[in-house]
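The structure appears below as structure tokens.
Just the heavy atoms: all of them, side chains too, but no hydrogens, waters or symmetry mates, feed the values below.
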Amino acid sequence: MIESERDEEFVEKGRKLFAGPCEFFFASVSVDDLPPMGAPEIAFAGRSNVGKSSLLNALTNRKTLARTSNTPGRTQELNFFALGGEPGSETLRLVDMPGYGYAAVSKQKIDGWTKLMHGYLRGRAPLIRVFVLVDGRHGLKDTDDAMLKLLDTSAVSYQIVLTKRDEVKKSEIEGRIEATRQALKRHPAAHPEVVFTSSQTGDGIPDLRAGIARLLAERGA
């Protein structure tokens, strides 16, 4: 099979995967109350207001799977979603992580979220990849770099997903992708491929779904 046919195969597998049932089933506020381990998990991290909820909704072809808000810090727990079946028999779990960076809440609460994320990343065997969302209008910031360093030290595979492609000039898109790739060379746990998405237009969403389907296939899931 030639590479282009292989890519189309995973685009279709990704479409079918995310066309299946998907439902919220668990929220964790501390590492002591994580759900029992089961299906493979992929997590979505990013600065507050980067568009994680919008991306989850776009991936799953839903409008209200994950709540969207203009208020930074709205996601306050690890929210688990079962994809492809009932909880316990699902194909994949999606995990929406609290936004890092600025949030209009107390330092104590931010410290609590940080501890939760650290604990989850360092001790969750089913976690196969973290997708770190970065605002495509601005590229990587210092707060993103701190998150990437945490993932490096946690030995967790991660991949950058640039968001808000529809708000970036077409002439700047390739440059933003290349700048991100160059920055990732300093991070040993980073996957080299960068996906540029728009939850509004759907650009990049099939590519992201295909990458997730490929990842599951490589893991034998």
Side-chain angles (χ1 to χ4, degrees), residues 13-14 16-48 50-69 72-100 103 105 108-133 147-148 150-159 161 189 191 208-209 211-221:
K13 285 184 176 181
K16 289 181 177 179
L17 172 65
F18 282 93
C22 188
E23 62 178 273
F24 168 82
F25 75 96
F26 207 93
S28 299
V29 296
S30 77
V31 291
D32 297 323
D33 70 347
L34 291 169
M37 297 186 190
E41 296 173 2
I42 58 173
F44 296 85
R47 293 200 310 270
S48 295
V50 74
K52 285 192 291 88
S53 296
S54 295
L55 183 74
L56 282 168
N57 289 334
L59 274 173
T60 57
N61 292 301
R62 288 161 173 82
K63 294 183 178 179
T64 58
L65 179 74
R67 295 179 302 174
T68 60
S69 172
R74 180 68 178 269
T75 303
Q76 300 180 9
E77 312 91 10
L78 289 174
N79 290 314
F80 290 77
F81 301 86
L83 178 67
E86 296 290 327
S89 61
E90 68 272 37
T91 303
L92 180 68
R93 291 178 179 179
L94 314 179
V95 186
D96 187 9
M97 302 182 71
Y100 54 82
V105 295
Q108 181 180 7
K109 181 161 286 190
I110 292 174
D111 288 344
W113 299 348
T114 302
K115 183 177 179 181
L116 170 61
M117 287 194 291
H118 285 201
Y120 171 71
L121 293 172
R122 288 175 173 161
R124 193 70 176 175
L127 178 62
I128 58 175
R129 180 160 295 170
V130 175
F131 291 92
V132 181
L133 277 58
M147 183 66 181
L148 303 190
L150 168 63
L151 291 164
D152 289 334
T153 58
S154 300
V156 176
S157 171
Y158 62 89
Q159 183 172 353
V161 177
H191 189 278
L208 182 54
R209 291 180 185 141
I212 294 168
R214 187 187 294 271
L215 179 62
L216 284 175
E218 290 171 351
R219 298 288 176 140

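Here salt bridge (charged side-chain N to carboxylate O under 4.0 Å, His left out) pairs that include residues 117-126, with residues two or more places apart or in two chains, are Glu41-Arg124.
Using a 4.5 Å cut-off on side-chain heavy atoms (C-beta onward), Val132 and Val161 make no contact. In this structure the side chain of Ile128 reaches within 4.5 angstrom of the side chain of Leu216, judged on heavy atoms.
For the side-chain hydrogen bond (donor to acceptor under 3.5 Å, both in side chains) test with Lys52, the passing option among Asn57, Asp96, Asn79 is Asp96; the others fail.
Note that CG of Leu121 is 9.0 Å distant from OG1 of Thr153, once rounded to the nearest 0.5 Å. Taken from CG in Leu83 to CD1 in Ile42, the straight-line distance is 8.0 Å, to the nearest 0.5 Å. Here the straight-line distance linking atom CZ of Phe131 with atom CG of Leu59 works out to 8.5 Å at 0.5 Å rounding.
Residues satisfying the salt bridge (charged side-chain N to carboxylate O under 4.0 Å, His left out) test with Arg129, not counting sequence neighbours, are none. Applying the ring-ring contact (aromatic ring centres under 6.0 Å, His included) criterion to Tyr158, with sequence neighbours excluded, gives no partner residue. Contacts of Glu90 classified as salt bridge (charged side-chain N to carboxylate O under 4.0 Å, His left out), with partners at least two apart in sequence or in another chain: Arg93. In this structure, the side chain to side chain contact (heavy atoms under 4.5 Å, CB included) partners of Ala43, at least two apart in sequence or on a different chain, are Val95, Met97, Tyr120, Leu127, Val130.
Looking only at distances, a side-chain donor or acceptor of Ser89 sits under 3.5 Å from a matching main-chain atom of Glu86.
Considering every non-hydrogen atom in both Leu133 and Tyr100, the closest pair reads O-OH, 4.3 Å. Across every non-hydrogen atom of Arg209 and Asn61, the tightest pair is NH2-OD1, 3.3 Å. Between Met147 and Ala45, the shortest heavy-atom contact is CE-CB, 3.9 Å.
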Quiz: residues 17-30 side-chain donor-acceptor pairs under 3.5 angstrom, not counting sequence neighbours:
residue : atom : partner : partner atom : Å
Ser28   : OG   : Asp33   : O            : 3.1
Ser30   : OG   : Asp32   : N            : 3.3

